Each structure stands twice: as structure tokens, then as C-alpha cells.
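In this text, all values refer to a predicted model and were calculated from it rather than measured experimentally.
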Amino acid sequence: MSCNSGSINEFVPTPSNPWNKRRIQHFYKRAGFGTNTNEIEQALVLAPSNFVENTINEAVNSPSVSPPSWFEMVESDYTNIDEQMQEQHKELYVIWGKEMLENPIRGRFTLFWSNHFVTRLEDYWCSSWMYNYYSILQQYAFGNFKEFVKAIGLSPAMLIFLNGYQNSATEPNENYARELYELFTLGVNNGYTQNDIVETAKALTGYTAINEYCAPIGFDINDFDNSSKTIFGKTGDWGYNDVINILFEERGNEVATFICEKLYKYFVSPEVDSTIVSKLATTFVANNFELAPVYKQLFKSEHFFDDNAIGIVIKSPFDVLNIYFRETGFATNAELLLNVIWLTSEIGQTLFEPIDVAGWQGNHDWINSSTLVGRWNAFEYYLWWIWENHNGSLRDFAVNLAGESNDPSIITKIIVDHLLPNGLQTETDYGIATDVFKDQVPQNYFDNGTWNLQWDTVPYQVIVLLLYIVRLPEFQLK
């Protein structure tokens with residue numbers, strides 16, 4: 001059970017519950033992919049509610065990623081389709097990878113919704129369809145959920161993945177109708193019947209017009225079932241938009257509760273507080289299913305910033321690496337970001353490829369003996385890449401955090417606390433970490449104050465400490 005007793009009321013700092021670096025990092029770890037010292041300093045001078053308001057508004061108002069040159073290519077535009085598409089997929093991986101680092105709030109929510117409205121690239125493969133799906137996630141991640149549902153269901157990626165393009169009057173396919181209710185809006189067995197699914201499938205027919213591979217999928221009136229359908233007790237010659245409108249009119253409270261519970265599990269805790277979810281759902285309905293007001297209410301709350309909410313969720317593969325990139329400020333480039341896509345895939349999270357239609361379940365599912373070792377190996381690869389290519393940034397990282405201190409125990413604690421949401425448990429644990437940081441430097445140099453962060457040994461000392469930290473159980477939490 002969760003020990004979080006915080007309310008949905010806005011968090012107001014007190015001497016015993018201050019607005020501090022730890023809480024700011026908590027926000028950025030959950031709502032984004034970590035933060036840097038400049039962002040922390042800027043947040044500290046704001047009231048928590050103003051900080052959250054400004055940060056969400058900035059994400060809402062930030063322009064979408066510019067489309068790549070190939071975003072409308074169809075099959076006949078290619079000369080070597082397999083090879084060219086492979087390169088295009090890599091380009092979009094890098095675009096999304098950079099987004100997670102440069103616009104981490106929007107990058108986080110795009111990733112979240114990709115694991116809600118699941119499609120899988122291996123099922124549709126086309127680059128322009130892949131980009132179209134990604135752009136819809138970006139466009140609506142902070143927008144209106146009802147419009148989001150309408151848009152995503154007509155994306156070629158979704159029409160292919162859940163067989164909507166095969167749904168015709170003469171050969172109805174119920175796959176998308178079922179997942180629309182079960183996974184995307186209501187939850188399993190919550191407020192719909194098998195007959196609702198059957199009738200909904202009829203109303204969703206007609207989106208079968210594929211003139212060319214990778215071209216937009218159009219509506220064919222000849223494949224539409226124009227018979228009378230009864231959905232949630234309402235009868236008429238319903239079509240696609242009618243289905244969504246009826247769903248939100250007749251089952252709006254259920255939709256709001258299901259979505260807010262999913263947001264809670266992802267951004268706060270796997271252990272759900274139904275009272276908080278109910279408050280969020282009320283806000284969702286009152287704002288006509290706009291997402292941003294719900295995000296703001298959640299992230300401004302006492303509940304979100306409660307001590308018992310911090311450091312209790314296991315990082316996903318993308319969390320592990322991207323949060324680290326942002327919290328250290330170490331360099332990346334396109335080649336490294338592609339390697340990150342490969343590394344995260346090796347430890348359980350492949351971009352554009354959730355494990356099934358229900359998506360990655362997260363938290364404890366991320367960790368087993370194989371993926372844990374894979375996480376360690378990923379960091380060894382990355383840190384030694386930094387050592388080879390950006391050696392000086394290791395010293396810069398320590399100096400940026402610890403200033404001019406020449407006390408290895410203080411420096412170690414500052415670095416550890418910067419990277420671990422709740423630090424270490426005991427002074428003995430900090431002592432062990434300090435000994436790791438001292439490495440091979442003779443003790444007398446520390447005792448007499450000769451050693452400092454400008455020593456030639458420091459970059460190696462920092463990398464040894466970082467390699468130690470990333471293997472700690474506490475490092476796997478956010």
C-alpha cells in the first residue's frame with residue numbers, strides 16, 4: 001500500500017516540506033526525463049504552482065517537430081524501398097530521441113501516449129505512416145482527449161495494426177471496436193457489451209481505400225455499413241464520428257476515470273489512490289476532456305510532491321539513459337542516440353514497438369536478471385564513450401555540482417544525491433561510495449588538503465564513482 005496521504009490541493013511549501021532541488025528533480029524525472037542545474041535554479045525562485053503552470057504551458061505551446069523530407073512519400077516514390085525506409089526509421093528515432101532530451105516534457109508525454117494508443121511498426125512498416133502516427137501523438141498529447149481518440153483511430157498505423165482497413169460492410173472486423181473500449185477509453189468490461197462492440201464495428205466500416213502502399217487510407221462509401229446501429233442505447237445510422245461522440249456523451253465519467261487512473265499509475269504510483277483519481281476525473285469532465293488541466297492539477301498537488309511519492313517507481317529503459325543524459329549534461333550525438341535505441345531495445349523497450357496491444361506494463365516488469373545486467377552494460381558503454389570522446393566533461397560535472405570543495409566525502413555525497421532520488425540509506429553507504437571515489441589517490445593527499453577537483457586523476461575518479469552508482473539498486477528508481 002502507498003503511504004502517500006497528500007491531498008489534491010496545491011502543494012504549498014513549509015519549513016518541514018520545503019520547495020527544494022529534490023522535489024524539482026522528482027517533477028522532471030516523472031513529467032520529463034530529468035533536469036539540469038540551470039533548470040533547477042530557475043525553478044527554485046518560483047512558487048511550485050507557478051513553476052508547474054509555466055512548464056506545462058511551455059510544452060503545450062512549443063511547436064511540433066518539423067516533418068522530415070519523406071513524410072508524404074508513397075511506395076512509387078522509392079527506388080530502393082527497404083534500404084531507404086530503414087534510413088528513414090533511423091532518422092525518426094533520432095528526431096524523437098532529441099525531443100526527449102531537448103523538450104523532455106513533450107517527449108515524455110508523447111512516449112506515454114504511444115504506450116496507450118499502441119501500434120507496432122513491424123505491422124505496418126511504412127515510414128510516412130510512422131511519422132503520421134508520431135505527429136498525432138505530439139499534436140494531441142496536451143490537447144483534447146476526445147479529438148485525440150478521433151484522430152488516432154484514422155491514422156494508417158492504427159488502421160493497419162488493429163485491422164480497421166479490413167472492416168467492411170460485407171466482412172466486419174471487430175478488432176478496433178473492441179480495443180477502442182477495452183484499452184483506449186473505458187477499460188476491460190467497463191460499461192460496454194459485446195453487442196456494443198458488434199454495432200460499433202459496423203459504424204466504423206469504410207476506411208478501406210488504400211490506393212498505394214504508404215498513401216493515406218481513405219473512406220470508401222461502398223464498404224460502409226449504412227444500416228441502423230444501436231450503441232450504448234442510442235440508435236441511428238451511425239458513422240465514425242458518431243461513435244466517438246456517443247461514447248463521450250454516454251460514458252464520459254467512465255472514460256475520465258479510466259484515463260485518470262492510468263495517468264496516476266504512470267506518473268505517481270502503481271498503487272492507486274481512488275480519491276485522487278476521482279478528483280482528477282471530475283476536472284477532466286468539467287474541462288470537456290482537455291488534458292492539460294488534469295496534468296496541471298496532478299503535478300501541482302500535495303499528493304504528487306509528497307515525500308512518499310518520490311523514488312518509488314522503477315525507471316524504464318528510456319528513463320535510465322535519458323534522465324542520466326540530462327542530469328549529467330554529458331554529450332550525445334545522432335550516432336549515440338541510435339545506439340540508445342538499440343540499447344533500450346536490448347533491455348526491454350523498443351521505440352514504436354510496444355510488446356503487445358496493451359503496451360509495456362512498466363515498473364517491476366522492467367527489471368529481471370537479464371535486463372538489469374543489460375542496464376549496467378549500457379552505462380559502461382556510454383561512460384567509456386564519454387571517457388574517450390569528452391573526458392573533460394567528467395571533471396566539469398563534478399565541479400558544476402560541488403564547486404571548489406576538496407573534501408571527497410562532501411563531493412561524493414553531492415554527486416550521489418544528485419543522481420539518486422532519495423540518496424543512500426546510511427552514512428556507512430556514503431563512506432563506501434567515498435572510498436570508491438578516492439580510487440588510487442593516496443589518503444595523505446586528502447588529509448593534508450593537497451588534492452582538489454583540478455587534479456589530473458579527477459576524470460577517472462568521477463567515472464569510477466559513476467560506474468559504482470549506476471549499479472546501485474537505488475539508481476533504478478525515480
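Tyr295 and Leu263 get closest at one heavy-atom pair: CE2-CD2, 4.0 Å.
Judged by the 6.0 Å distance and 45° axis criteria, Arg108 is positioned over the aromatic ring of Phe33.
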Just do the side chain to side chain donor-acceptor pair (under 3.5 Å) check on Asn452 and Tyr445 with the steps written out, would you? CA-CA 9 Å; Asn452 59 55; Tyr445 290 114; over 6 Å; no
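Checked by atom type, the side-chain pair Gln443/Lys438 shows a donor-acceptor distance below 3.5 Å. Under 3.5 Å, the side chains of Lys146 and Asn245 contain a donor-acceptor pair of N or O atoms. When only modelled atom types and interatomic distance are considered, Asp273 and Tyr264 share no side-chain donor-acceptor pair under 3.5 Å. Residues Arg22 and Asn422 have side chains that bring a donor and an acceptor to within less than 3.5 angstrom of each other.
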Side-chain atoms of residues 459-478: list all donor-acceptor pairs with protein atoms under 3.5 Å, sequence neighbours left out, distances to 0.1 Å.
unit_1 : atom_1 : unit_2 : atom_2 : d
Gln461 : OE1    : Trp451 : NE1    : 3.0
Gln461 : OE1    : Thr457 : OG1    : 2.7
Gln461 : NE2    : Phe437 : O      : 2.9
Arg471 : NH2    : Glu380 : OE2    : 3.2
Gln476 : OE1    : Arg375 : NH1    : 2.8
Gln476 : NE2    : Val470 : O      : 3.3
Lys478 : NZ     : Asp319 : OD2    : 2.9

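Under a 3.5 Å cut-off, the side chain of Asn368 and the backbone N or O of Thr371 do form a donor-acceptor pair.
Screening Phe11, Phe299, Tyr28 against Phe51 for a ring pair (Phe, Tyr, Trp, His ring centres under 6.0 Å) leaves a single residue, Tyr28.
Classification of the Phe112-His116 ring pair by plane angle, with boundaries at 30° and 60°, yields parallel. Classified by interplanar angle (parallel below 30°, tilted 30° to 60°, perpendicular above 60°), the ring pair Phe284/Phe289 is perpendicular. Using bins of under 30°, 30° to 60° and over 60° for the plane-to-plane angle, the ring pair Tyr134/Tyr131 lands in the tilted bin. Note: Phe305 and His26 have perpendicular aromatic rings, judged against thresholds of 30 and 60 degrees for the angle between ring planes.
Between Phe184 and Phe117, the ring center distance clears the sub-6.0 Å criterion.
Applying the salt bridge (Lys or Arg N to Asp or Glu O under 4.0 Å) test to every pair with at least one member in residues 385-410, sequence neighbours left out, gives no pairs at all.
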